[in-house]
Amino acid sequence: MFNPDIHHRHSLRLQGYDYSQSGAYFITVCTYNRQCLFGDIVNREIRLNEFGKVIAGEWLKSSKMRKELIMDEYVVMPNHFHGIVFINRDNNLGRGVWPYAPTLHGTSPYSIGAFVQGFKSTITRQINELRHAPSSPVWQRNYYEHVIRDDDDLNRIREYIENNPARWDEDEENPSRAKPLRQV
């Protein structure tokens with residue numbers, strides 16, 4: 001249970017920004033304890049296992065289930081996921097209840113946070129069924145997001161996502177990456 005005297009959490013979000021407004025968002029979600037659960041990098045390409053395929057499938061289904069979302073570039077890595085999602089609030093008019101409506105901690109409906117919360121929850125349930133491990137953590141508690149501000153930013157992030165598997169040896173999320181020696 002969260003105890004503010006012990007857990008010194010701070011928000012990674014832009015203060016005052018409405019994360020439910022139409023716009024483009026880059027998200028990164030890491031596995032619990034950075035475990036490589038989703039596949040392997042072979043010849044600078046990702047080879048997804050059954051868990052990684054669950055993530056890819058859910059990403060592709062997301063815009064079919066939620067008309068206000070447009071899914072863009074994504075990559076499932078051995079221990080994390082990157083994706084670009086557009087929220088188009090105009091596409092949600094008259095749709096009724098949003099399937100990933102918030103249930104915890106007052107997450108704003110239709111926001112990127114509500115989407116990530118539901119995305120992670122759905123994937124966790126499916127992966128835990130596959131590995132016969134109910135209530136085992138799959139994801140770290142939080143996620144990283146970046147509000148994409150213009151076409152240059154969007155294109156730079158798309159290129160980063162596309163090249164991510166080829167750069168796995170240099171990726172700071174790679175647990176086998178040789179860490180530089182600290183100079184004393």
Side-chain angles (χ1 to χ4, degrees), residues 9-32 34-48 51-92 100 107-108 110-120 122-123 138-180:
R9 295 180 65 201
H10 62 279
S11 177
L12 302 172
R13 313 294 161 240
L14 293 173
Q15 186 139 6
Y17 188 83
D18 178 3
Y19 284 93
S20 67
Q21 70 183 327
S22 294
Y25 302 88
F26 170 53
I27 61 170
T28 299
V29 187
C30 295
T31 59
Y32 182 73
R34 304 292 200 267
Q35 297 170 314
C36 291
L37 296 177
F38 308 139
D40 297 300
I41 301 295
V42 178
N43 295 326
R44 300 166 51 98
E45 294 182 0
I46 184 69
R47 300 286 189 249
L48 298 178
F51 302 155
K53 290 176 183 175
V54 165
I55 298 167
E58 280 302 313
W59 182 258
L60 297 174
K61 286 191 321 190
S62 293
S63 61
K64 291 180 178 94
M65 294 171 42
R66 292 166 295 281
K67 299 296 183 199
E68 70 282 352
L69 299 182
I70 300 167
M71 312 323 270
D72 198 76
E73 291 288 325
Y74 76 96
V75 66
V76 180
M77 294 295 287
N79 63 359
H80 63 282
F81 171 84
H82 295 297
I84 297 171
V85 61
F86 293 86
I87 295 178
N88 182 353
R89 290 295 300 272
D90 295 337
N91 284 352
N92 189 49
Y100 283 170
T107 305
S108 297
Y110 305 101
S111 67
I112 201 67
F115 163 68
V116 172
Q117 186 177 32
F119 184 69
K120 287 168 59 174
T122 298
I123 289 165
V138 172
W139 302 107
Q140 73 177 15
R141 183 179 186 129
N142 214 333
Y143 66 96
Y144 168 82
E145 58 67 31
H146 168 78
V147 178
I148 299 173
R149 292 175 173 85
D150 57 32
D151 286 342
D152 289 339
D153 200 19
L154 176 62
N155 291 328
R156 179 185 56 76
I157 293 167
R158 282 177 172 156
E159 184 177 325
Y160 174 80
I161 289 171
E162 183 179 321
N163 294 323
N164 205 233
R167 299 180 54 106
W168 179 240
D169 288 342
E170 303 145 32
D171 194 317
E172 64 187 43
E173 301 301 336
N174 181 345
S176 64
R177 184 182 125 197
K179 307 285 187 232

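Counting begins at 1 with the first residue of the sequence.
Atom CZ of Arg167 is separated from atom CD1 of Ile41 by 13.0 Å, given to the nearest 0.5 angstrom. Here the straight-line distance linking atom CZ of Phe86 with atom CD1 of Ile112 works out to 11.0 Å at 0.5 Å rounding. With values rounded to the nearest 0.5 angstrom, Phe119 atom CZ is found 10.5 Å from Lys61 atom NZ. A distance of 7.5 Å separates CD1 in Ile161 from CG in Asp72, rounded to the nearest 0.5 Å. Here Glu172 contributes atom CD and Glu170 contributes atom CD; the two are 12.0 Å apart, rounded to the nearest 0.5 Å. Once rounded to the nearest 0.5 Å, the distance linking CD1 of Ile123 with CH2 of Trp59 reads 9.5 Å.
A heavy-atom distance below 4.5 Å is found between the side chains of His80 and Asn164. Between Ile46 and Pro78 there is a side-chain heavy-atom pair separated by less than 4.5 Å. A 4.5 Å side-chain heavy-atom check between Leu69 and Ile87 finds at least one atom pair inside the cut-off.
Residues Trp168 and Pro175 approach most closely at CZ2-CD, 4.0 Å, considering heavy atoms. Nearest heavy-atom pair, Tyr143 versus Gly113, reported as atom, atom and distance to 0.1 Å: OH-CA, 3.2 Å. Looking at every heavy atom in both residues, Pro165 comes nearest to Val75 through CG-CG2, 3.8 Å.
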Are Phe38 and Val54 close enough, and set up right, to give a side chain to side chain contact (heavy atoms under 4.5 Å, CB included), and what steps lead you there? CA-CA 9 Å; Phe38 308 139; Val54 165; over 6 Å; no
Could you walk me through whether Leu60 and Tyr74 pass side chain to side chain contact (heavy atoms under 4.5 Å, CB included), step by step? CA-CA 10 Å; Leu60 297 174; Tyr74 76 96; 4.0 Å; yes
Candidate pair Ser63 and Ile70, rule side chain to side chain contact (heavy atoms under 4.5 Å, CB included), full reasoning: CA-CA 5 Å; Ser63 61; Ile70 300 167; 5.6 Å; no
Where do His146 and Ile148 land on the side chain to side chain contact (heavy atoms under 4.5 Å, CB included) test, with the steps shown first? CA-CA 6 Å; His146 168 78; Ile148 299 173; 4.1 Å; yes
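Within a 6.0 Å sphere centred on CD of Gln35, other residues, nucleotides and ligands contribute more than 12 heavy atoms. Annotation: Arg47, atom CZ; neighbour count of heavy atoms from other residues, nucleotides and ligands within 6.0 Å is above 12.
In this structure, the side chain to side chain donor-acceptor pair (under 3.5 Å) partners of Thr28, at least two apart in sequence or on a different chain, are His82.
With hydrogens and angles disregarded, a donor-acceptor distance shorter than 3.5 Å links the side chain of Asp150 to the backbone of Asp152. With hydrogens and angles ignored, the 3.5 Å screen pairs a side-chain donor or acceptor of Lys120 with a backbone N or O of Arg141. Looking at Asn43, its side chain never comes within 3.5 Å of a backbone N or O of Glu45 through a donor-acceptor pair.
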